[in-house]
Amino acid sequence: MEKQIKSVRGMRDILPDETRRWKALESLIFRVLESFGFEEIRVPIVEELKLFQRSVGSFTDIVQKEMYVFKDRGDRVLALRPEATACVVRAYLEHSLNEKKRITRLYYSGPMFRYDRPQKDRYRQFYQIGAEIIGGQNPYFDAELIIILAKIFEKIGVADYVFEINSVGCNQCKTSYSAKLKQFLQNRASHMCQDCQTRIENNVLRVLDCKVVSCKSIIKEAPVIQDILCQGCKAHQETLYRILDNHRVPYKENWQLVRGLDYYTKTVFELKISNNDNAVAGGGRYDNLVHELGGPETAACGFAIGMDRLCNMISPEIKKDITVFVVFLGEKSLQQGVKIVNGVRNDHVRIVADYTDRSLKSHLKSADREDIQHVLILGENELQQESFLYRNMKSGYQTMVKFSELSNFFKGLENA
RNA sequence: GUGGGUGUAGCUCAGCGGAUAGAGCGCCAGACUGUGGCUCUGGAUGCCGGGGGUUCAAAUCCCCUCACCCACCCCA
């Protein structure tokens, strides 16, 4: 026998039982987003590598060591998207959506790719549902995103969630803070881990959430961005907090929170559930990105929900649709019965049959195993009476259903 | 990328140098010829993750490799 081909490392199959739960969560999230006026956009999985280098940042871990990069047959240097905000902004500019509306609210859903080492809740192909508000500058837009997430999690029935929020400042704040931090750290670099030493040069802010103990103690003494934020950034942040307070959204400030994508400005946030350390959603403001990608100065913000994590954490039992199992006994009933059944199928009742010639007993066993309540049996006797024998597997109730009544019978099941 | 753990039947796992590799659950069949679940009886199924080595003998010991899990890192 040939060796079994298995799924590629970090990639996985989402089987029907799990897919059913995914779909339920997805449609709930979509409904909330739609209710806030967001519209769905579908963007490609493959983009030019440059897009992510410019947006996410060349020195970020995501771009530097986690991206799937390849050349196509036309020698284009491409990447599988590691996140979708850059793609959405690219599409927004490419199609001049800025000309059509002042505030553009978009959402997307689909797979992202990062070449991480796989483990629980971390896959190389993972799914995000994200939302972006492009064109909105004041903190009410930031708040809207957070409130949407809060709403989603309440609807899902998750009570023990909390947002961690920080401000990384506007462009000016960011640069002056980075400079200050760099200066502070450079003297102490020799006491810090290898990663941090390179971070100091390439991406200072990342040092802040280093987990190495020796680094942590140094970071404690480091200047805090809160002390450097300009009036505008401070006001933005305080207004945001006030709005969230009014909405009774559970959050806490986390001055160490720095996200791994360079485009963030001012507000950044993550959403965590109970004692789970992994964030299930994260986002923030990115007021420079649209401009950096060649568009006009445009404020924007967004978030993304990690669907794999979300679905692994909560598992609502979803009822299957009504299903009818049809049993044909003998060649003649199979021939005639299949035709009759196919003639009256509708979109609301699932009708399944095992056309195999097996004993009634084993057919019923199959139905039972699949937890199917309704069974129709067609054998010699029934054929003569132009009827199916209906059996309810739960109650044991049985009755004859005329061929001519079959369609109505299915309708009756729907309404029951 | 770093460190640790685990890969044996469809599933959960036992066996840890010795014979034809096991259990529970599941599956198939029969008892019950056209009525599932309960019970009883019988049956099928394994490149013991893959490759190499040590040995008279390897699922078992050693090396390599692949995959999964956990932690770090990073992130959603």
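By convention in this document, chain letters (A, B, ...) are assigned in the order of the sequence lines, proteins followed by strands, and residues within each chain are numbered from 1.
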May I ask you to list the residues of residues 79-91 of chain A, by number, that have any heavy atom positioned under 4.0 Å from an atom of RNA chain B?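 Close to the strand, none.
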Answer yes or no: side-chain N or O of A/R391 and base N or O of B/G36 forming a donor-acceptor pair under 3.5 Å.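 Present.
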Under 3.5 Å, which donor-acceptor pairs do the side chains of residues 119-129 of chain A form with other protein atoms, sequence neighbours left out?
residue	atom	partner	partner atom	Å
A/R122	NE	A/D116	OD2	3.4
A/R122	NE	A/R117	O	2.9
A/R122	NH2	A/R117	O	2.3
A/Y123	OH	A/N312	OD1	3.3
A/R124	NE	A/D116	O	2.7
A/R124	NH2	A/D116	O	3.2
A/Q125	NE2	A/Y127	OH	2.7

Looking at B/C68, I'd like to know if its phosphate oxygens (OP1 or OP2) sit under 4.0 Å from a side-chain N or O belonging to A/Q119.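 Negative; the distance criterion is not met.
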B/G36, OP1 or OP2 - any side-chain N/O from A/K361 closer than 4.0 Å?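 Yes.
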Reading RNA chain B from 5' onward, which residue's closest nucleotide shows up sooner: A/L329 or A/K394?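 Looking at the nearest nucleotide for each, A/L329 comes out on the 5' side.
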Only pairs with both distances under 3.5 Å count, Watson-Crick or wobble alike; so what is the partner of B/G7 in this structure? B/C66
Does any nucleotide pair with B/A29 by Watson-Crick or G-U wobble geometry, both distances under 3.5 Å, and what is it? B/U41
Suppose we call two aromatic rings close when their centres sit under 6.0 Å apart. Are A/F269 and A/F303 close by that rule?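 No: the rings miss the under 6.0 Å criterion.
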Where is the tightest heavy-atom contact between A/V324 and A/V349, given as atom of each residue plus distance? CG2-CG1, 3.7 Å
Any side-chain donor-acceptor pair under 3.5 Å between A/Y241 and A/Q237?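 Yes, a side-chain donor-acceptor pair sits under 3.5 Å.
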Considering only heavy atoms from C-beta outward, does the side chain of A/T267 approach that of A/C301 to under 4.5 Å?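 Heavy-atom side-chain distance check fails, nothing below 4.5 Å.
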